[in-house]
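Here is the structure we will look at.
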Amino acid sequence: MTLRSLFGALLIVLPGIVVGLSGYTFYYARGYSYLLDDPQACINCHVMRDNHIAWGVSSHRNVTCNGCHVPHHPITQWYAKAESGIRHSYVFTFDNPQVLRLSPSGERTVEANCIRCHASTLSAVFHREGVRCFDCHRGVGHAF
Amino acid sequence: FERQQEARLMYLKITDIPEGEPDPAVWKVNFPRQYEAYLKTMRTSEMIQYSRWGRYGGSEAFSKLDKHPNYVRLFAGHPFSVDYREETGHMFTLRDMLASQRLGDQKPGACMACKSSHVPNFVRQYGAETLYKTPVKELVEQHGFKHPVSCADCHNAQTMELQITRVTFAEAMSRRGIDLSTATRQEMRSYVCAQCHSEYYFKGKDRYLTFPWDKGLSVDSIAAYYDAYGFSDWTHAESKAPMVKIQHPEFELWSTGLHARANVSCADCHMPYRSEGGIKVTDHWIRTPLANLTNACLTCHRQSEQEMRERVLQMQDRTYSLLTRAEHAIISAIDGVKAALAAGATDADLKEARRLHRQAQVRWDFISAENSMGFHSSQEAARMLGDAIDYARQAELEAYKVLTRRGMRTQRSSYPINDRNNP
Amino acid sequence: FERQQEARLMYLKITDIPEGEPDPAVWKVNFPRQYEAYLKTMRTSEMIQYSRWGRYGGSEAFSKLDKHPNYVRLFAGHPFSVDYREETGHMFTLRDMLASQRLGDQKPGACMACKSSHVPNFVRQYGAETLYKTPVKELVEQHGFKHPVSCADCHNAQTMELQITRVTFAEAMSRRGIDLSTATRQEMRSYVCAQCHSEYYFKGKDRYLTFPWDKGLSVDSIAAYYDAYGFSDWTHAESKAPMVKIQHPEFELWSTGLHARANVSCADCHMPYRSEGGIKVTDHWIRTPLANLTNACLTCHRQSEQEMRERVLQMQDRTYSLLTRAEHAIISAIDGVKAALAAGATDADLKEARRLHRQAQVRWDFISAENSMGFHSSQEAARMLGDAIDYARQAELEAYKVLTRRGMRTQRSSYPINDRNNP
Ligand SMILES: [Ca+2]
Ligand SMILES: [Ca+2]
């Protein structure tokens, strides 16, 4: 937590160092592969393995990780990959998460992707604030 | 931006539906899928057929008084001891209300409040007070009420969005400081049901339809509300206790449960989505989810249908065993009070016993009248039945203490307990 | 819902650990991580600290008799009315047993069965009967028992796989026709706990440690078992009823709950995986999950820590309100029987009242002695407390009926009910 806020401060004060630092870990973590669409890219990290296994037996095994986890909008797409990439490398350096959770932005991204692919299916029903697609379709992406 | 594109409902608009249109056939033109499903609520599965799925619900309007002979004594002196049935589908709401021998043809307009899609228009035109005062007979014969619960009760005809059409609910919620205009769509998926599937009483001599929620939705808050207000529906014919009849507190019980905590609405289970040719629609065949477990439960719960059914039945069987225990305890209490009366006890002697009888039966009735046999909030249902048993046995004890304090003599032995748990 | 588990265990084997090695320090060499976590079970969080997480558990060995003065009367005549504490961590199992004033220094070897990692070797060498017969004093002084529950109690030293080291459990399961050799790994994650966290009794004069499971694991089956066997731990000093003391039926209650149905094991919640530097290890700091909700619950439940805590506390508070009700009802029953005795009732008169007192207290104690305050199976806990209340009040009634049948006179009024639900 304190590391988090400390790092936040660094972000503002010393962008140069940060870029250098994240650049290093980014490489160290084979982060460059993060920009690829191949799910193999995601399991360079142990923390991703459960998700990968679960994804492999899910109804969406034909949909890549990025198919859900990266915005599919011409402009935002690359920015998001970069942002998420930096977040990843930072986390990898300082953090040791006990339980992975979607960040609020991560949730919005996924939800948008559900709708992107299923818009036609949904055309005849109302969308509902207060519930996310995956509140009902628990584990579509990863058959937990 | 996906949201807007999504929030808009895409359908083929063939005709303009006037707001509050009571006749579902008019809505059918634009929404054949929902209309056809809605008609299915006329299907009454006999118990034999229903028993393939469950034990405590279903759509057969059998008499609860035949199934539970004790109910005649428990409601002694109240119309419910005359005619009391299992409820059935929405298409029958009006027919069943008219046919019921409760209050015969003396039914006040308030009885119409939750039974017909003519209500929204009528209330808009004449106001709620008028509805409640006008006899049901008159509403049918002079105002042509002929449709049961239908589209107009839940939908805005222009946008098709859900809307509250019953003032009772709006008033009760605002007294609790809840602003319905800020309700999310997910909340509306329960609120539309709560307009009718809630405990109610008729306030004052004008019979103003009211929900007793000012102190909260729990059975204890509701009982406390009635006590503070000094309200009673009737005086028990045998024990002479001032009683309250509870009716279908589905919304209240659900509110105390885990699904409510988890933001799961009535419609999620009773109107799950169905995909027809890859297109999702809301299933308007409102009924027991046990007949439709795949759509009702399995998207969220990835166990088997079999497993989900067993979970429900296990919870319901537990509730039922306590409900039966409480039933026997209350009958014993009534017998105790009668024994004391027979032995010459005075009203003053029996004041406490009667207070306890009232407290016991309110809690027992909360689960007896609720329609999920405890499923909507399984532990809370068991908790209040435990309280009911305690109050009932204490009522019986009070009666005996009257006797012992006076050294009176009685021979009766108490009500036999026939119960699987009794070794 | 079984969690992904690393198939094969990889570790740096520095030393060979002899099977049944009682000293955890020897295992430490190969498994420092698990050892260090295990040592943390010595941390006793005072109630003040624990209260940031929960209300009913924690690791402070406070006296339950001080917290609940009624317990002294409920267990009148039994060692538990002398010394009865909240349980604490595994590192203290041996120390606390030796220190307890229950049975003073007359403790039979059977008391050692679940308290020390010396047991597996001792039983292998001399057999279980010998262990149960040898006094605890002798086991400590001549056989050098000095380690508490530790590695050897759950693990095979060669493979590190979980294994059953207590014959009591194996015998009880085989009587139920369950073959442990076919147990899945997930089942073993609960079975190792069930060796100790289960209701037990000493059979016959040789005090043969036995689990009362032949008729099933529910409280009703266990009560029926004791009744059929005509067993009683002690005679109640006030009501003179033949009683049974229940002890830590965690395994039995959990078995009736939804997590067991969903195949969620004890270890999933009390020993969740922790990731240390990217490596997943089983957290050997066994304790209340409320102090560790993220790892214990959030892997399966998508809600927040805060929400999960509130869920648990709500269920526990409901259980506690019924537990208190049942406690008061049993005290009233005892007072009733005493009043009848005082008024000259005979043993024959009171036979039924005493039978009911026994039935009530077995069910109350099942939840009082169980350590999750109902969480392990929330509705079932409430159900049996409802039954307990019914039996207790009927016991009191029986006492009064004795008086009324004889026209005897008594002035006492019953035990005051101070309870939030009582309007
Ligand atoms: Ca029904
Ligand atoms: Ca403890």
Is any side-chain heavy atom of [Y] closer than 4.5 Å to one of [X]?
| X | Y | value |
| --- | --- | --- |
| C/Gln379 | B/Thr319 | yes |
| C/Ile389 | B/Arg393 | no |
| B/Arg261 | C/Gln303 | no |

Checklist entry - Can you name the ring pair (Phe, Tyr, Trp, His ring centres under 6.0 Å) partners of B/Trp364, sequence neighbours left out? => result B/Tyr71, B/Phe75
Item to check | Interchain contact, B/Leu322 with chain C, by part (heavy-atom threshold 4.5 Å) | outcome: side chain
Checklist entry - For B/Met315, is it the side chain, the backbone, both, or neither that has a heavy atom closer than 4.5 Å to a heavy atom of chain C? => result both
Checklist entry - For C/Tyr391 and B/Arg325, what are the C-alpha separation, side-chain angles and deciding distance, and is it a side-chain hydrogen bond (donor to acceptor under 3.5 Å, both in side chains)? => result CA-CA 10 Å; C/Tyr391 286 121; B/Arg325 243 180 215 287; 3.3 Å; yes
Checklist entry - Just how far is it from atom CG of C/Leu385 to atom CG of B/Asp387, taken to the nearest 0.5 Å? => result 11.0 Å
Item to check | Distance, nearest 0.5 Å, that separates OG of C/Ser378 from CG of B/Leu258 | outcome: 7.5 Å
Checklist entry - Which heavy atom in B/Thr256 sits nearest to a heavy atom in C/Gln314, and how many Å separate them? => result O-NE2, 4.2 Å
